[in-house]
2 protein chains.
Amino acid sequence: MTDKTHLATIAALLGEPARANILLALFDGRALTAKELAFAAGVMPQTASAHLGKLTEAGLLSVAAQGRHRYFRLADPTVAHMLESIMAVRAPEPQRIWRGGEALRNARTCYDHLAGRLGVALADSLRAAGHLVLSPDGGEVSAEGIAFLRDFGAEPHDGKRIFCRPCLDWSERRPHLAGRVGAALAERCFALGWVVRQRDTRAVAIAPVGLDGFARRFGFDAAFPP
Amino acid sequence: MTDKTHLATIAALLGEPARANILLALFDGRALTAKELAFAAGVMPQTASAHLGKLTEAGLLSVAAQGRHRYFRLADPTVAHMLESIMAVRAPEPQRIWRGGEALRNARTCYDHLAGRLGVALADSLRAAGHLVLSPDGGEVSAEGIAFLRDFGAEPHDGKRIFCRPCLDWSERRPHLAGRVGAALAERCFALGWVVRQRDTRAVAIAPVGLDGFARRFGFDAAFPP
DNA sequence: CCGATACTGCGGCCGCCGCCGAACAATCCA
DNA sequence: TGGATTGTTCGGCGGCGGCCGCAGTATCGG
C-alpha cells in the first residue's frame, strides 16, 4: 500500500502553493523559523504551522527547537534533489519572464552551488578548457581540471558525496556543475567576494571584482542582461 | 510568475492519486491507451480523460492518435527522472509491505533498466569485481568492466545519454545501475530470457535460466524471498 | 512576576476539484 | 450502413482541505 500512494502523498504536499513556497524558501539549505516561513508562504502563522507539521511528519523537513524558535530545514539532500528535478521538467510554453526574475535567471544558488546563467557559464568555461566533461546525467573532472581548481583555491571537501555531478538548470535548460566540486567552486567565489548573497532571495549579485575575476580566470563576461 | 508557481503546479498534478497512478503505469516508458490508463487509475474513462488532458497540457505526457486509440506516454526523460527522485525521498517510517509488493521489490523495470533487489545485486556484483564505481550521484565503469559487459553481450548503444549513471532505488534505498550501461544490461538480460516482463506491472519475473545465469556470471543468488 | 513574542490547537466557513451519469463525436468491423 | 468500441464534453453532486479568528502554551527579557 505504501508504494503506490507514496508518490501521490509526497506530491500532494508539494502541490499546495503555500507549502511549495516554504520548500523553495528552504531550497538553498538554510534553516528558517516558522514565522519567516509563514511570511515566505504568504499565510498566517497558524496556517504555516499546520503546513510545517505536515511536511515534518512526512519526513521532508527536519526541525530543531532553539528557545522559543523552531528552525526548519530540508530533511535530506534527496528532498533538494526532488525539488530540482521537478523544476527541471520543461514547461510546455517557453518560460515567461516574471517580475524580478532576471536576477534569479542570471545567478542564484542551487542548494550549495551556483546556477543560472553564471552557473552554466562556469560549467561551459571549464568544459571548453578541457577541465570538465558534463552531460545531463553524469560528469567528470580531468586531472588538469583538478589542478586548475586547486590553483584557483577551490579544494573540494572530503566526503561521501559524489565529486562531480551535473544539475539540470531549470532556467537555462542545460546542466551546470554540482557535487563536491560545484560546492567548492561556489564557496570559493563567495569567499573571494566575486558573488554576494542577497536577503530573502536565492539570487546572488555579481560584484565588480567578480566581473573582472570571471573574465580573467574563466574567460567569460558575467555582465548578463539586467 | 512562472517560477514560483511551476513547482506547485506540477506537484499538484502528481498529487492526485488517479493521476499518480497514471504516471506510474507509464513509468517504464510504454505507451498506453486512455482506457488502459483509466483502469490503472481506478476511475471511469471520462474521469481519466480529464486527467490525461491536464497532464498532456502541462507537458508531462505526449499523445499519439492511432485510429480510434490515443496512446499516451511520458513526454520526456526528465519526467521519469522526476518520478524517480520523488519516490527516492525517504518515507519517515520503515516501508510497510503492501499486497503484491514483494514481486516489485525483488525485480522490476525502472524506466529502461533493472531495479529492486535484482538491480541492486547486479550493481553490487559489478562493484565487487572492480568493474564499477557507483555512489548516490555519480558512476564510472572501468576498462575491465567494459570488456566484461561486452563479453556478456551488453553493448551500450551510442547516444548522448550518459554512459553510466546511478539511480537511487526507492525500495532498497541504495543506488542501482542506470544510463546507457544500465539499459544495455537490462536489454541483454531480457534478450537472454533471464528476466521476463509481466502484464500490467513493472515487476519482472526471474526465469530459472536467469537464476543459473546470474549465479554463474555475476556470482549472486537471484532467488529472492517470495 | 509580568508583558511581549513565537508557536500550536480548535472550530467553522468556503471554495476548489475529483467523480460519475448521460449524451455526443470518431473510428473500426461486419 | 449499422452496431460496437473508444474517447471526449457537460452538468451537478459531494467531500476534502486550506484559510483565518480565537484561544492556549512555552520562552525570553526586565
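Protein chains get the first letters and strands the later ones, always in sequence-line order, with residue 1 at the start of each. Computation of the quantities below employed the complete heavy-atom set of this structure, encompassing side-chain atoms and omitting hydrogens, waters and symmetry-equivalent molecules. As the structure is a prediction and not an experimental result, all values here were calculated from the model.
- Annotation: side-chain hydrogen bond (donor to acceptor under 3.5 Å, both in side chains) contacts involving residues 32-48 of chain B, sequence neighbours excluded, comprise B:Thr33-B:Glu36.
- The heavy-atom pair separating A:Val195 from A:Phe190 by the smallest distance is O-CD2, 3.4 Å.
- Distance A:His69 NE2 to C:dA4 P: 17 Å, rounded to the nearest Å.
- Of all heavy-atom pairs spanning A:Ala207 and A:Gly193, the tightest one is CB-O, 3.3 Å.
- Of all heavy-atom pairs between B:His113 and B:Ala183, the closest is CB-N, 4.2 Å.
- Using cut-offs of 30° and 60° for the angle between ring planes, the B:Phe152 and B:Trp194 rings count as tilted.
- Residues A:Ile10 and A:Met82 share a closest heavy-atom pair of CG2-SD, 3.8 Å.
- Taking atom CG of residue A:Leu52 and atom P of nucleotide C:dG9, one finds them 12 Å apart after rounding to whole Å.
- The two residues B:Phe72 and B:Ala34 make their nearest non-hydrogen contact at CE1-CB, 4.0 Å.
- Rounded to whole angstrom, the span from the CZ atom of B:Phe39 across to the P atom of D:dT6 amounts to 14 Å.
- Note on the helix from C:dC1-D:dG30 to C:dA30-D:dT1: angle between the axes of the first and last five pairs equals 30°, rounded to 10 degrees.
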Report, as a single string ordered 5' to 3', how protein heavy atoms within less than 4.0 Å touch nucleotides 18-30 of chain D: B base, S sugar-phosphate only, - not at all.
-> SSBBB----BS--
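- Heavy atoms only, all atoms of each residue included: B:Thr56 and B:Leu52 are closest at OG1-O, 2.7 Å.
- One atom, NZ of B:Lys35, and another, C1' of C:dA26, lie 15 Å apart when rounded to the nearest Å.
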